[in-house]
Amino acid sequence: MLEIHYLRENRDAAVDSLNKRCNPEYANHVDAAIELDKEKRSIQTELDGLLAEINKASKEIGGFMKTGKKDEAGSLKNRVAEIKIDSQKLKERQADVEAKLADTLYQIPNTPHESVPAGKSEDDNEEIFRSGDVPALAENALPHWDIASKYKLIDFELGAKVTGAGFPFYTGRGARLQRALINYFLDSARDAGYEEVIPPLVVNEASGIGTGQLPDKEGQMYFIESENLYLIPTAEVPITNIFRDVILAESELPKKVCGYTPCFRREAGSHGKEVRALNRLHQFDKVEVVQIVHPDESYHVLDSMVEHIKGLLENLELPYRILRLCGGDLGFTSALTYDFEVYSAGQKRWLEVSSVSNFETFQSNRLKCRFRADEKKNQLVHTLNGSALALPRILAAILENNQSETGVAIPKVLQPYSGFNNIEFSGKQLRNLKFDLENNSLDSQMVAEFMQTEREAVNKVIQSIEQLKTSKTVTKKKAAIWEPKIDSVINALKAKE
RNA sequence: GGAGAGGUGGCCGAGUGGUUUAAGGCGCACGCUUGGAAAGCGUGUUUCUUCGAAAGGGGAACGGGGGUUCGAAUCCCUUCCUCUCCGCCA
């Protein structure tokens, strides 16, 4: 919520800035708010005068009662009763005007920063940085959902059975890779000076209002009716609300907090190819970073958050670009947002993996988060946050960009966390394959994978065997048992062909 | 889920209708004192809002909301939260 005194004193600048969002309604709301504020203050001045009279008279009555002057007290009571009628009327008008003012202010989004380009849609966003080369993949490169199914990393059908569409199971190495990403992101955030928290995954209404999800955007969140609580759409909500109704000492700034949480989003009405598989989910994992800072510092801090996220993506060796969102695409609460997109080579498209924003005082005004400035009035802090990072699309890009004949290469920086360097057909999958062959119930898709060409199939299996032999997690004894079985798979495959 | 006790300035804590302009203590800040410190003494120490150039006035807030009253921290209703005991339970 914008501060009314800011609008009062900077009406034209605010309107100019809001116009970059390409919605003429906002200017009208600003003028309406200024009018309502004027009315509200004049009512208050009048009301305060009446209340002062009542207070004064009540004290006099108290004095009369003590000294037993009942008549004087009685006539004064009558006078107070008259004033009270007027003051009641004013109170009602005041409540009415205040509600209208609040309503109007809730409808005005944040004023875009001077660097934000005017624009209507994402087409007007400004690319400000690009890094990394798009990998040259083979003709038959797969999208991530096929890779995930090939190596049994994610089970979308199982999630749909147990819960519903958009709630996948991550399985085996898929689950371990998720955990690796979470740990890598959290360690990086800690290195950057953030304090780690594990927040609640449900929040109350006041918290939803504090960060701006409520009152307008409740359609985004899952709501637990019996408890009156909302599932968080992002860790931003519980983490930023730590500072709701808090007055910090200036020396406590900046506050830097990070947290990993699952995020829950209803995404009502979005279906189709664009949002298939990992591209959009109802539940996904994210590490979020939040900063509460001195107003003079917030844009430097925004830059430092951008650098932090650039570092993550560079270490993951993913091609990415940074967009400065135009007015029309900018979130309601944000003054300046940079979106990070990675290139996902299997789908040949850019996927948003992070959004870093400076909210200036828009959130802190609702949160009532202030700091004690020396010799001055308490001032609202600036709040910022960013995804560092959202996992599903990162996983999609890793799977798609790093795929090859022999599997999916895990980025070096993740290997200490994942415990494996490459995702390929596992010994278990090969054993299952043998079992299926013997029972003549071989999965046809799997055969197709193996049998694309004889050479490819044999090479793939031989490489897998070599990998198994050298793999730290497989003992020699186990390898000795598997080897003849795998040989029989190769033979069976050849025979089948 | 059942029974009970509570929610008061940064903290502890007094306060059952009218000098509450929220006692007292702790903490903190400044001053006096001191060679320096401690102790002692003194002064100050919530937030929001409104009028005002300022000095300085006014109004509101004792978990939240509503009510009774000329007047509410205090009485009534409602709601949220905390604690204790019992039950259940990872």
Nucleotide paired to [N] in any strand shown, Watson-Crick or G-U, under 3.5 Å:
N: B:U33; value: none
N: B:A55; value: none
N: B:A60; value: B:U47
N: B:G10; value: B:C26
N: B:C85; value: B:G2

* **NZ/NE/NH1/NH2 to OD/OE distance under 4.0 Å, A:R324 and A:D339** =>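 Looking at A:R324 and A:D339, the cut-off is not met.
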In whole Å, measure the gap between the [atom1] atoms of [N] and [M] for me.
N: B:A73; M: B:U21; atom1: C1'; answer: 15 Å
N: B:A72; M: B:G17; atom1: P; answer: 14 Å
N: B:G25; M: B:U45; atom1: P; answer: 15 Å
N: B:G40; M: B:G4; atom1: C1'; answer: 47 Å
N: B:G6; M: B:A14; atom1: P; answer: 11 Å
N: B:G27; M: B:G18; atom1: P; answer: 33 Å
N: B:C51; M: B:G42; atom1: P; answer: 40 Å
N: B:A60; M: B:G2; atom1: P; answer: 40 Å

Tabulate atom names and distances for all N/O pairs under 3.5 angstrom spanning the protein and nucleotides 68-78 of chain B.
from  : atom 1 : to    : atom 2 : distance (Å)
B:C70 : O2'    : A:S58 : OG     : 3.1
B:G71 : OP1    : A:K84 : NZ     : 2.6
B:G71 : O4'    : A:S58 : OG     : 3.3

* Asked: Does the side chain of A:R244 pick up a donor-acceptor pair with the side chain of A:S207 at under 3.5 Å?
  ->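 On atom types as modelled, these side chains qualify, holding a pair under 3.5 Å.
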* Qualifying salt bridge (Lys or Arg N to Asp or Glu O under 4.0 Å) pairs, either residue in residues 40-52 of chain A, two or more places apart ->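 Applying salt bridge (Lys or Arg N to Asp or Glu O under 4.0 Å) to every pair that reaches into residues 40-52 of chain A, excluding sequence neighbours, yields A:D37-A:R41.
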* Please list all pairs passing the salt bridge (Lys or Arg N to Asp or Glu O under 4.0 Å) test where one or both residues lie in residues 283-292 of chain A, with sequence neighbours left out. =>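 As it turns out, the salt bridge (Lys or Arg N to Asp or Glu O under 4.0 Å) pairs with a partner in residues 283-292 of chain A, which skip direct neighbours, are A:K286-A:E288.
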* To do: Specify the separation, in whole Å, of atom CG of A:D245 and atom P of B:A61.
  =>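 So the CG-P distance, A:D245 to B:A61, works out to 18 Å.
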* CD1 of A:I43 versus P of B:A60: gap in Å, rounded? ->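 One finds 17 Å between P of B:A60 and CD1 of A:I43, rounded.
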* Are A:L384 and A:S298 close enough that some pair of their side-chain heavy atoms sits under 4.5 Å apart? ->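 SC-SC contact between A:L384 and A:S298 confirmed.
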* Residues in salt bridge (Lys or Arg N to Asp or Glu O under 4.0 Å) contact with A:E53, at least two apart in sequence or another chain ->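 With neighbours one apart ignored, the set is A:R79.
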* Identify, with sequence neighbours excluded, every residue that meets salt bridge (Lys or Arg N to Asp or Glu O under 4.0 Å) alongside A:D329. =>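 A:D329 satisfies salt bridge (Lys or Arg N to Asp or Glu O under 4.0 Å) with no other residue.
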* When you check the glycosidic angle of B:G9, does it come out syn, meaning within 90° of 0, or anti? ->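 For B:G9, whose glycosidic angle is within 90° of 0, the conformation is syn.
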* Structure fact -> Its contact letters, B for base, S for sugar-phosphate only and - for none at protein heavy atoms under 4.0 Å, make nucleotides 43-57 of chain B read ----SSSSS------
* To do: With sequence neighbours excluded, tell me which residues meet ring pair (Phe, Tyr, Trp, His ring centres under 6.0 Å) with A:Y230.
  =>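 So A:Y230 forms a ring pair (Phe, Tyr, Trp, His ring centres under 6.0 Å) with A:F223.
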* To do: Taking only heavy atoms on the protein side, list every residue of residues 89-108 of chain A lying under 4.0 Å from any atom of RNA chain B, sorted numerically.
  =>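 Output list: empty, so none.
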* Within the structure, does a side-chain N or O atom of A:N55 lie under 4.0 Å from either OP1 or OP2 of B:A60? ->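 Looking at the OP1 and OP2 atoms of B:A60, one of them is under 4.0 Å from a side-chain N or O of A:N55.
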* Sequence neighbours left out, what pairs pass side chain to side chain donor-acceptor pair (under 3.5 Å) with at least one residue falling in residues 383-396 of chain A? =>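 Passing the test, one end in residues 383-396 of chain A: A:E236-A:N385, A:Q363-A:T383.
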* With sequence neighbours excluded, what pairs up with A:T104 under the side-chain contact (heavy atoms from CB on, under 4.5 Å) test? ->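 side-chain contact (heavy atoms from CB on, under 4.5 Å) list for A:T104, sorted by chain: A:H29, A:A32, A:A33, A:L36.
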Distance-only check: which donor-acceptor pairs under 3.5 Å involve side-chain atoms of residues 84-94 of chain A, not counting sequence neighbours?
from  : atom 1 : to    : atom 2 : distance (Å)
A:S87 : OG     : A:K84 : O      : 3.0

Quiz: residues 251-259 of chain A side-chain donor-acceptor pairs under 3.5 angstrom, not counting sequence neighbours:
from   : atom 1 : to     : atom 2 : distance (Å)
A:E252 : OE1    : A:A249 : N      : 2.7
A:K256 : NZ     : A:A192 : O      : 2.7

